[in-house]
Amino acid sequence: METSMKRFLSILCLTVILVSFLTAAAPLPNTTFTLVQGLPATMNVGDTYTVIVQVESDQQFISAQALPSFYYPGRGVVAVQGVDRVGSGTTATLEITYKAKTSTANFQDVAPYGTAPVHFVVGVRYPGGYVAVQDYLFNVTVP
């Protein structure tokens, strides 16, 4: 009986090891974000510039999108459109156009003073719930 018990435990351990190899989690996607064009340090009232980010992935994603965020919403520099979104793929080019709306001379709440902090966020959603995110911050002066 002792031999059959050892054999049983050996088979059980081998089964556990094999199952752990077979059910190992898939590797996380390798996502690359490349800032093709950002915002300039200075924009004049009425100027428009487009932020462009190229996304590349070694695995298929469900969707990718870019969103603007502002410390001074509706003042200084504003987004002309609210979101850029693409569906499934392994590459995407995301763009959001910004317009200099008013002077930032009186913006004294956040350093560097006299600038509008413009936050640009890109997110890529994968099957299984994994999300890769990259954000960009531009401090823009509007004289």
Side-chain angles (χ1 to χ4, degrees), residues 4-143:
S4 65
M5 185 59 105
K6 285 183 182 178
R7 186 175 298 161
F8 174 75
L9 288 175
S10 296
I11 291 172
L12 181 63
C13 289
L14 182 60
T15 303
V16 168
I17 290 171
L18 288 174
V19 168
S20 69
F21 281 124
L22 294 175
T23 61
L28 291 178
N30 183 12
T31 311
T32 304
F33 300 91
T34 304
L35 180 63
V36 176
Q37 179 175 299
L39 290 179
T42 303
M43 293 173 68
N44 293 311
V45 172
D47 287 352
T48 59
Y49 285 92
T50 301
V51 175
I52 304 169
V53 173
Q54 179 69 36
V55 177
E56 295 183 16
S57 175
D58 64 346
Q59 294 182 32
Q60 184 93 5
F61 52 76
I62 296 171
S63 66
Q65 68 181 20
L67 297 164
S69 176
F70 303 95
Y71 189 84
Y72 300 105
R75 297 174 51 207
V77 179
V78 298
V80 174
Q81 86 263 17
V83 64
D84 189 11
R85 178 178 155 76
V86 297
S88 181
T90 57
T91 64
T93 302
L94 300 166
E95 303 177 353
I96 293 186
T97 301
Y98 294 87
K99 183 175 185 175
K101 186 175 175 182
T102 59
S103 172
T104 59
N106 63 347
F107 292 180
Q108 299 301 318
D109 298 342
V110 178
Y113 303 114
T115 66
V118 179
H119 191 206
F120 182 88
V121 182
V122 179
V124 181
R125 181 174 302 280
Y126 290 92
Y130 178 73
V131 177
V133 177
Q134 178 68 49
D135 58 344
Y136 301 92
L137 180 63
F138 307 99
N139 290 307
V140 181
T141 301
V142 182

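Note that this is a predicted model, so its numbers are computed, not measured.
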Could you tell me which non-hydrogen atom of [X] sits nearest to which non-hydrogen atom of [Y], and how far apart they are?
| X | Y | result |
| --- | --- | --- |
| Val124 | Thr31 | CG2-CG2, 4.2 Å |
| Ser57 | Tyr126 | OG-OH, 2.7 Å |
| Ala66 | Ile96 | O-CD1, 3.5 Å |
| Val118 | Tyr98 | CG1-CE2, 3.5 Å |

Side chains of [X] and [Y]: closer than 4.5 Å at any heavy-atom pair?
| X | Y | answer |
| --- | --- | --- |
| Pro29 | Tyr130 | yes |
| Leu137 | Asp135 | no |
| Pro40 | Val140 | no |
| Leu35 | Phe120 | no |

Does any N or O in the side chain of [X] come within less than 3.5 Å of the main-chain N or O of [Y], such that one atom is a donor and the other an acceptor?
| X | Y | answer |
| --- | --- | --- |
| Thr48 | Lys99 | no |
| Thr34 | Val36 | no |
| Thr90 | Gln59 | no |
| Asp47 | Ala100 | no |
| Thr104 | Thr141 | no |

- Describe, in one word, how the ring planes of Phe138 and Tyr136 are oriented to each other, choosing from parallel (under 30°), tilted (30 to 60°) and perpendicular (over 60°). parallel
- With sequence neighbours left out, the residues meeting side chain to side chain donor-acceptor pair (under 3.5 Å) with Gln54 are Thr93
Donor-acceptor contacts, no H, no angles, side chain residues 67-85, under 3.5 Å, sequence neighbours left out:
{"residue": "Tyr72", "atom": "OH", "partner": "Asp109", "partner atom": "N", "Å": "3.4"}
{"residue": "Gln81", "atom": "OE1", "partner": "Thr97", "partner atom": "N", "Å": "3.2"}
{"residue": "Gln81", "atom": "NE2", "partner": "Glu95", "partner atom": "O", "Å": "2.9"}
{"residue": "Asp84", "atom": "OD2", "partner": "Glu95", "partner atom": "N", "Å": "2.7"}
{"residue": "Arg85", "atom": "NH1", "partner": "Ser63", "partner atom": "OG", "Å": "3.0"}

- Message: Under 3.5 Å, is there a donor on one side chain and an acceptor on the other for Gln60 and Ser88?
- Response: yes
